[in-house]
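Below is one structure; the comments refer to it alone.
In listed order, ligands and their atoms are each counted from 1. Because the structure is predicted, anything quoted here is derived from the model rather than measured.
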Amino acid sequence: MKSIFGFLLGVALAASAAAQTRVVTLGTQGGPLPSLTRSQPANALVVRDRIYLVDAGNGVAHQLLAAGLDHRKVERIFITHNHDDHNADWGTLMGLQWSTGRRAEVHVYGPAGTESMLQGFLQYFAPNARIRMGDSKAYPDPRGLFHAHDIAGPGQIYKDDLVTVTAVENCHFAHGTDAQRDAQDKSYALRFQTPDRVVVFSGDTGRCAGLDAFAKDADVLVHEVIDLPLIEKAMRRELPPEMADGLMRHMTAEHTTAEDVGRLAQAAKVRKVVLTHVIPGRDEPDSVYTDAVKKHYDGPAVVARDLMTF
Ligand SMILES: [Zn+2]
């Protein structure tokens, strides 16, 4: 009897340990075109009661609310790269936190340029801060609250008592035509080690050999995905031909097909694949992606919608 009790206690403890970390997909659209069915890219990694944000596309404060997460409790923000579908609202989120009562520091970690972007945001924010600080003495100077850090990857970029975050450059800007842009602008994949799980976010990337080792044995691989025939069809229909040509080069070289996500997941032996940043992400069935992943990967693969939890 005692041993059965012990077994049940063990199961309960294991279940509670498994619940320490969860991923909430706040925005699953491959942007930047606004969509009524999917929000711009953002994910919350919730570890116990702490919220770490990975990317902050337009509307992220609204999506946090919809997920039942208090936007004021986001303490750390990580930006994988500086395309506007990923970075549009990190400053805005910080500002809304300040305006609605957060008084503890907020830190954002992003590619080179993040620190100077914070200075730009503080300038943008200054008139609002001046007006509110005139209304009430309860508002501290926002310059003391917001902090930005340029990622100096590869390797460990952040650590606290709950998570260790490592970064590696992925292959999102690797094939660009603008050499200067390639030299100064970086795009990163991020790996979070929490007390009970390893969660890897691919960021935006083409098929990238370095990610096989980086994602090794992850419990959850949150990976971007694209269907090239579907997006090409949509762009040829909606855009001038020369614009569609340029964009197809970017889509082909700097994003990842579902088959290639499956190859990576199998090589890295990850336990679960969550597909997000879906392009085109319109009304195509999930099987467009999951069937292709399954050609190469024998674990579970799910196409995320906004506000799912994994
Ligand atoms: Zn991008």
Side-chain angles (χ1 to χ4, degrees), residues 25-35 38-43 53-60 63 77-93 108-114 117 150-151 153-154 157 167-191 200-208 210-211 214-215 221-228 230-232 234-235 239 243-258 260-261 264 274-282 289 303-304 306:
T25 52
L26 298 172
T28 59
Q29 178 68 53
L33 190 68
S35 159
R38 293 179 181 273
S39 292
Q40 298 281 299
N43 299 284
L53 195 65
V54 178
D55 288 327
N58 180 225
V60 68
Q63 290 304 97
I77 301 169
F78 298 86
I79 302 299
T80 58
H81 67 293
N82 280 319
H83 270 146
D84 50 3
D85 49 328
H86 295 253
N87 75 8
D89 267 5
W90 67 258
T92 301
L93 175 63
V108 59
Y109 300 79
T114 301
M117 287 167 66
D150 288 359
I151 290 175
I157 59 159
V168 71
E169 195 175 348
N170 58 25
C171 301
H172 194 40
F173 302 145
H175 308 279
T177 51
D178 182 337
Q180 195 178 7
R181 183 200 69 178
D182 291 346
Q184 78 179 26
D185 288 324
K186 306 288 185 193
S187 176
Y188 292 99
L190 300 175
R191 180 182 176 108
V200 171
F201 297 89
S202 68
D204 285 12
T205 183
R207 175 76 172 117
C208 200
L211 292 188
F214 189 71
L221 171 64
V222 182
H223 204 292
E224 71 129 272
V225 74
I226 190 168
D227 187 274
L228 291 169
L230 285 178
I231 192 62
E232 176 153 27
M235 289 199 306
L239 298 175
M243 199 171 164
D245 290 343
L247 277 169
M248 273 317 292
R249 182 209 61 79
H250 165 69
M251 297 290 180
T252 305
E254 299 171 355
H255 290 289
T256 306
T257 64
D260 278 345
V261 177
L264 164 62
V274 173
L275 298 164
T276 189
H277 196 281
V278 184
I279 301 176
R282 295 185 179 178
Y289 304 103
V303 180
D306 292 4

>> I need the minimum non-hydrogen distance between H255 and D204, along with the two atoms involved.
In response: CE1-OD2, 3.6 Å
>> Applying side-chain hydrogen bond (donor to acceptor under 3.5 Å, both in side chains), can you list everything that pairs with Y289, at least two apart in sequence or on another chain?
In response: E284
> ring-ring contact (aromatic ring centres under 6.0 Å, His included) with H223: which residues, sequence neighbours excluded?
Replying inline: none
> Can you name the ring-ring contact (aromatic ring centres under 6.0 Å, His included) partners of F78, sequence neighbours left out?
Replying inline: Y109, Y158, F192
> In this structure, which one of D306, V60, D55, T276 forms a side-chain contact (heavy atoms from CB on, under 4.5 Å) with L26?
Replying inline: V60
> Which residues and atoms, protein N, O or S only, are under 2.8 Å from the Zn ion (ligand 1)?
Replying inline: H81 NE2, H83 ND1, H172 NE2, D204 OD2
> Out of curiosity, I77 CD1 to N87 CG, how far, rounded to the nearest 0.5 Å?
Replying inline: 11.5 Å
